[in-house]
There are 2 protein chains.
Amino acid sequence: MSSLENMLKVIDAFSEEAPVWTVDQLVEGLATSRSTIYRYVKELREAGFLAAVGGGGYILGPRIIELDRQIRHCDPLLTLGRELVTAILPHVGEGIVFICGLLGDDVISVYRRENPNSLDISYSRGRPMPLFRGSASRIILAHLPERRLMKLFLTHRRDIGEAGLGGEWDEFRINLKEIREHPYLSSRAQVDQGVFALSAPVFDGYGNILASLTLAMPEARADTESMEVLAAIIVGGAKCLGGSIAELAEKAGARAARAPAPIRRAV
Amino acid sequence: MSSLENMLKVIDAFSEEAPVWTVDQLVEGLATSRSTIYRYVKELREAGFLAAVGGGGYILGPRIIELDRQIRHCDPLLTLGRELVTAILPHVGEGIVFICGLLGDDVISVYRRENPNSLDISYSRGRPMPLFRGSASRIILAHLPERRLMKLFLTHRRDIGEAGLGGEWDEFRINLKEIREHPYLSSRAQVDQGVFALSAPVFDGYGNILASLTLAMPEARADTESMEVLAAIIVGGAKCLGGSIAELAEKAGARAARAPAPIRRAV
DNA sequence: TCTAATATCCCAATATATAGGATTTCTTTG
DNA sequence: CAAAGAAATCCTATATATTGGGATATTAGA
């Protein structure tokens with residue numbers, strides 16, 4: 001077992017349910033010797049990934065906040081996304097606007113803003129989303145390259161079936177193709193009860209899917225109001241965001257021909 | 001050298017100036033073999049600390065966003081701080097309100113909100129602050145236990161002198177005592193040009209310093225307006241926040257007598 | 001100042017990481 | 001669609017860092 005893996009087990013222990021751990025608890029939980037845990041904790045603390053609280057307890061440390069800041073400042077999806085969301089937020093009425101990105105096998109929400117008095121949904125920044133439920137995830141999924149989809153199908157066959165996306169490869173493929181043929185996708189209560197969501201894909205300059213832009217609102221609103229104007233705003237916003245990112249990538253590319261542009265691609 | 005340290009060197013490479021790295025660049029930068037770097041990158045990627053972008057480039061990964069989310073949700077300083085800042089923001093006029101916490105030897109801003117059209121300062125969430133400059137840092141510093149201060153003085157003697165806090169231990173001690181005797185502290189352009197800041201200390205139930213609450217504004221405003229009312233709001237807000245945290249800690253303590261309360265203490 | 005708790009140090013045994021090159025997988029391009 | 005070029009992984013002997021048990025030191029609390 002690699003030592004990073006061991007360290008990660010320590011970090012993994014920290015969750016919303018159990019945010020504070022003592023060394024003794026970690027010794028018990030991870031089945032390792034006391035001295036080793038102390039060494040781990042020391043190193044993680046020196047690196048800022050853990051911080052001491054009173055009474056021998058530890059919590060996640062400031063380094064994480066710092067690294068998150070870096071992501072917020074560097075990722076074009078976030079910097080440009082912020083501008084875009086600010087621009088469209090006044091025009092969408094009650095609801096929440098968020099951007100989800102694909103990183104590895106996770107879809108996570110990387111930015112979110114809401115209009116006052118709207119519903120509270122679980123897509124808050126940093127929450128890993130189910131890859132096969134909700135329009136925000138599915139619209140990304142649908143635009144992944146075929147090869148990647150095959151891999152996903154093989155690894156997540158059960159989840160895909162349960163989410164109603166198809167029990168066989170062909171079925172799955174056809175369902176996704178159907179999604180791909182529309183400029184946006186909506187979903188109802190797939191992730192949170194009582195929530196209607198409307199998502200559009202964000203592409204880079206080469207047609208690769210990068211992210212999704214979503215508007216979530218109470219189902220009641222979706223029942224009584226036409227979605228056409230809203231869909232147009234979201235689709236337009238997603239296009240615009242993709243355009244800005246492509247533009248930035250081009251500039252970055254011109255500066256450093258061999259260095260890859262700081263763009264998150266679906267890999 | 002521990003292997004975590006090696007891994008960390010990889011993470012350290014990623015900065016706002018250089019957010020994207022290829023394996024080759026890392027091999028050169030860290031003076032390690034290609035296969036080792038590939039292994040590091042692989043493990044970090046599997047753990048979600050790095051994510052692949054096009055062309056063999058890597059950026060910081062989603063795990064960091066996830067962990068940051070956990071901190072935001074678990075740390076009482078943040079959850080309660082959010083409420084408090086929301087409450088006082090409408091009453092402070094032009095400027096930025098933020099909370100700084102001490103974790104290890106770092107003071108970092110953990111939460112920040114601003115009123116529209118105000119100045120842009122560098123205290124954005126996650127930014128590590130100089131420990132000896134700015135009222136937000138100094139008010140925390142001043143309330144640290146003596147033993148801790150001695151250590152800090154020994155390790156950071158030069159910084160302390162340069163920041164004008166004293167060249168000798170006695171001088172340093174007296175300066176801090178002076179700060180401690182007032183309910184709040186103000187500073188002018190110590191961190192950012194043209195910025196006036198006003199900070200109050202946040203204590204836990206035992207009188208330990210936990211954090212600082214700060215209002216930053218343009219110097220011009222501070223020159224023309226009396227600070228008394230604003231100081232009262234900030235001092236009151238800090239007291240209130242400390243009270244809520246102590247209350248929460250007590251509740252948590254009742255539930256799990258032996259487990260330390262999830263409270264960040266100056267350690 | 002003393003005591004309990006928290007944390008570090010030490011060292012021999014052992015498991016693990018390392019580097020260098022061969023091999024495989026993926027991407028691009030003609 | 002095939003071949004060339006990147007990117008990533010695999011493989012192995014050796015050197016090295018990690019491990020855990022207990023002794024030791026440092027801190028916090030009375």
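Because the structure is a prediction, the values reported are computed rather than measured. Hydrogens, waters and symmetry mates play no part in the numbers below; they use all other heavy atoms, side chains included. Each chain gets a letter, A, B and so on, in the order the sequences are listed, and its residues count up from 1.
For B:Lys151, there are no side chain to side chain contact (heavy atoms under 4.5 Å, CB included) partners at least two apart in sequence or on another chain. Qualifying salt bridge (Lys or Arg N to Asp or Glu O under 4.0 Å) partners for A:Arg127, counting only residues two or more places apart in sequence or in other chains: none. B:Asp12 pairs by the side chain to side chain donor-acceptor pair (under 3.5 Å) definition with A:Arg63, not counting sequence neighbours. Scored by the salt bridge (Lys or Arg N to Asp or Glu O under 4.0 Å) test, B:Glu16 finds A:Arg69 as partners (sequence neighbours excluded). For B:Ser199, the side chain to side chain contact (heavy atoms under 4.5 Å, CB included) criterion is met by B:Ser135, B:Ala136, B:Ile139, B:Thr214, not counting sequence neighbours. Here A:Thr36 pairs with A:Thr32, A:Ser33, A:Arg39, A:Tyr40 under the side chain to side chain contact (heavy atoms under 4.5 Å, CB included) rule; sequence neighbours left out. Residues that satisfy the side chain to side chain donor-acceptor pair (under 3.5 Å) test with B:Glu146, not counting sequence neighbours, are absent from this structure. By the side chain to side chain contact (heavy atoms under 4.5 Å, CB included) test, B:Glu168 is found to be paired with B:Arg157, B:Glu171, residues two or more places apart in sequence or in another chain being considered.
For the helix from C:dT1-D:dA30 to C:dG30-D:dC1, the axis fitted to the five pairs at one end and the axis fitted to the five pairs at the other end meet at an angle of 70° (nearest 10 degrees).
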Any protein N or O atoms within reach of nucleotides 20-24 of chain C? Criterion: under 3.5 Å, listing atom names and distances.
{"from": "C:dG20", "atom 1": "N7", "to": "B:Ser35", "atom 2": "OG", "distance (Å)": "3.1"}

List every contact pair, protein side and nucleotides 24-27 of chain D side both N or O, where the distance is under 3.5 Å.
{"from": "D:dT27", "atom 1": "OP1", "to": "B:Lys151", "atom 2": "NZ", "distance (Å)": "3.0"}

Taking only nitrogen or oxygen atoms into account, show me every contact under 3.5 Å that the protein makes with nucleotides 11-13 of chain C, one pair per line with its distance.
none

